[in-house]
Amino acid sequence: MTSPRCLTFLTDFGLEDGFVAACHGVAAQIAPHARIIDITHLVPPGDVRRGAAVLAQTVTSMPPAVHVAVVDPGVGTNRRAIGLRAGTGILIGPDNGLLSWAGDALGGIDAAYVLSNEKLWNQPVSQTFHGRDIFTPVAARLLTGTALAEAGTEIDASELVTLSAPANRMLDGEAEGEVLSVDRFGNVQLSIPSVAAAELGIIFGSSMMIRYSRQKIVVPYVTTFGSVSPGELIAFSDSAGLISLAVRNGSAAEKLALPSGARVRIAANLASS
Amino acid sequence: MTSPRCLTFLTDFGLEDGFVAACHGVAAQIAPHARIIDITHLVPPGDVRRGAAVLAQTVTSMPPAVHVAVVDPGVGTNRRAIGLRAGTGILIGPDNGLLSWAGDALGGIDAAYVLSNEKLWNQPVSQTFHGRDIFTPVAARLLTGTALAEAGTEIDASELVTLSAPANRMLDGEAEGEVLSVDRFGNVQLSIPSVAAAELGIIFGSSMMIRYSRQKIVVPYVTTFGSVSPGELIAFSDSAGLISLAVRNGSAAEKLALPSGARVRIAANLASS
Amino acid sequence: MTSPRCLTFLTDFGLEDGFVAACHGVAAQIAPHARIIDITHLVPPGDVRRGAAVLAQTVTSMPPAVHVAVVDPGVGTNRRAIGLRAGTGILIGPDNGLLSWAGDALGGIDAAYVLSNEKLWNQPVSQTFHGRDIFTPVAARLLTGTALAEAGTEIDASELVTLSAPANRMLDGEAEGEVLSVDRFGNVQLSIPSVAAAELGIIFGSSMMIRYSRQKIVVPYVTTFGSVSPGELIAFSDSAGLISLAVRNGSAAEKLALPSGARVRIAANLASS
């Protein structure tokens, strides 16, 4: 296997400070020809689930790459630093679940390592900025020919910290999920794949029943929100293959007051059939 | 003509999600050596005129490039995807007017194509993310030697959707325009070129009369806002050659309560001459 | 000395407009193979001290580079444009103090030049956008083999505008500093190096007395904020080697209502020893 030539980077560092740039600089020193693709640095501070979701939905569009992700409220504690080989990618970050959904998205974890080889780090290592001092230097060295196995000790993938999977189960005539994310457009992404809608007999052009809190609403299920009236609430299958709710020229998240993590159920709208 | 080696990218996708990065990843897979320059991804969602204005004012600073722009409230409808050859650039995006002012800025549209060659797309194409699945893959392939003519069917440029030009006309002793944009500094950019001010006899160091809503104010016309007192409102010729209003160390947009699109007239201040 | 191949870029231009991209485009035209690392473009408009602090704390992580910084409320006035050689870097920007702390961080200024050679600029030069028309073109040309000495006239470094250093002095049993910056996490960075804490006998695992305004608080001094309870206020030695205050899963800046520039004193907490 040839080394990947691309490094992707996702954090909760924000863009106001020099933290992201310091990591870019460290990578450029070690691997001057590497291409760096920033996924996002606006994960809400410490929100590991949100970081994990964005990472998992983006890595599948990437070329073979080393993916560095740092949403790390436990930095400086005894949480481990890990490297995972998964499909055409290598995932580098803290062992707090951040990488686990991306591992699944890349086809499953083939090998897991604790990053214990301090020779690959930038010394001295600060207590609070492992992105600059551990994760990025290790990742950049992997781009210059160092093997992941040299970065530390192999462990069994079953020992890794994992996030609970987003709610997603089939009930009697319903699919239950949760609000996985709200994007810039106010679109509400549910952890219910559009294949579940198909199994429930909900077809494009019909409508679905959506239940949440004590609300029950009927929403058209359409192929795209470009085809509906401004202000109208609709459901569609989004670019990640999940059911999302949208308001054309508006925010579904605001209209429904649905926060991340809220439980939602969908069902066929029998009245319409 | 050799292929451009640079891809520029403007959208309303925001920076919180992985949408921009997914497009970068797709481009990197197809054209690993391409340089990508992000213009902005903070166009207000769906604001085609704002996107068109930023694009037109930026492409003139770029090397020969394929410019991808996606502000696309009609994604998934029957709006067309287009590619335009204009000067040293190729513009790729939806046929909703977003590209038209940039075409003018690059010297006019030399050839227009509907992007109908699905072989250049990334399959399967989602209904809602043509940036990732159509626009970026086509653009990246143009960087690797594919000719624009291979991307689809040539159409007459007169068939393209265009935006109405920003208001800009000479009246009796006045120039009328509109607020074209408000930048981060609160500077209010008018769609009145500084050559119009010259035609009206307004010279640097004098002042101009500005009328909007039912207001009438007199404002110094200066070469730069560095030379005035903090808090003072001034007019100047901005880096795009347009009349802009600024408050040093403050926001002209706030001070005047002038929103994007508002009509404004300027005239020489006869009292001062 | 070989030319650096990397250009870093820090401004207060924001990310909503095309200003940053226009500079990238100009650089790409002149030096197509240069790597550009954006440090940040979200310096608060006109905040020279904040820009200087972020720049100084980031350049030390960079490879040999030309560093362009533009926070320039005096653009268009007679403030000078300068280029400084400092260690492995060259600093390019306005002569308003923005570059001075970075010069120190890179090991001190070895040579200073006024950028007076207009042949290296992009003509015509606008009155308000020297980032695009002077600073970036000069920097890009330095990456293609032009010597800094060709860019203008050497001056004595003592003639440069400098910022007053952040407060930092040892008093009787106390160290006095100021709030240097507040980062995205609400961490309050003081201009007191952690070596000063050591001199005062404050050791990790003990606590320190902090005085500001008329407040006096006792705060644990820990190696990392990962090891404390959510909501707890602590002091630590940050990734720049300075004393910072943090609230785990919260904002120290909000909790203490400490703005940038506020005076703060630290001392050993005698009650705890």
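Side chains included, hydrogens not; waters and symmetry mates left out as well; all remaining heavy atoms used.
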Looking only at heavy atoms, the pair that brings A/D17 and C/R184 closest together is OD2-N, 3.1 Å
So, the part of A/D12 with a heavy atom under 4.5 Å from chain C: the answer is both
When the 4.5 angstrom heavy-atom criterion is applied to A/V20 and chain C, the contacting part is neither
Tightest non-hydrogen contact, residues A/G25 and C/P63, listed as O-CD, 3.6 Å
Applying a strict 4.5 Å limit to non-hydrogen atoms, the region of A/R132 in contact with chain C is side chain
d(C/T223 OG1, A/Q127 CD) to nearest 0.5 Å is 4.5 Å
Of all heavy-atom pairs linking A/F13 and C/F185, the shortest is CA-CZ, 4.0 Å
d(C/S61 OG, A/Q29 CD) to nearest 0.5 Å is 7.0 Å
Would you say CG of A/D156 has more than 12 non-hydrogen atoms from neighbouring residues, nucleotides or ligands within 6.0 angstrom?
yes
Value for OG (C/S239) from CG (A/D133), rounded to nearest 0.5 Å, stands at 7.5 Å
Ranking A/G18, A/A28, A/G14, A/A21 by heavy-atom pairs under 4.5 Å to chain C gives rank one to A/A21
If you count the non-hydrogen atoms of other residues, nucleotides and ligands that lie under 6.0 Å from CD in C/E254, is the total more than 12? no
C/R35 and A/H33 have their tightest heavy-atom pair at NH2-C, 3.9 Å
Taken to the nearest 0.5 Å, the spacing of A/L15 CG from C/D38 CG works out to 10.0 Å
Taking every heavy atom of C/V54 against every heavy atom of A/E16, the minimum-distance pair comes out as CG2-O, 4.5 Å
So, the part of A/H41 with a heavy atom under 4.5 Å from chain C: the answer is backbone
From the list A/G46, A/P124, A/P45, the residue making the most non-hydrogen contacts under 4.5 Å with chain C is A/P45
Exercise for the section: Measure the shortest side-chain to side-chain distance between C/D183 and A/F19 over non-hydrogen atoms and say whether it is less than 4.5 angstrom. Expected result: yes
Whatever's closer than 4.5 Å to a heavy atom in chain A on C/I39 counts as both
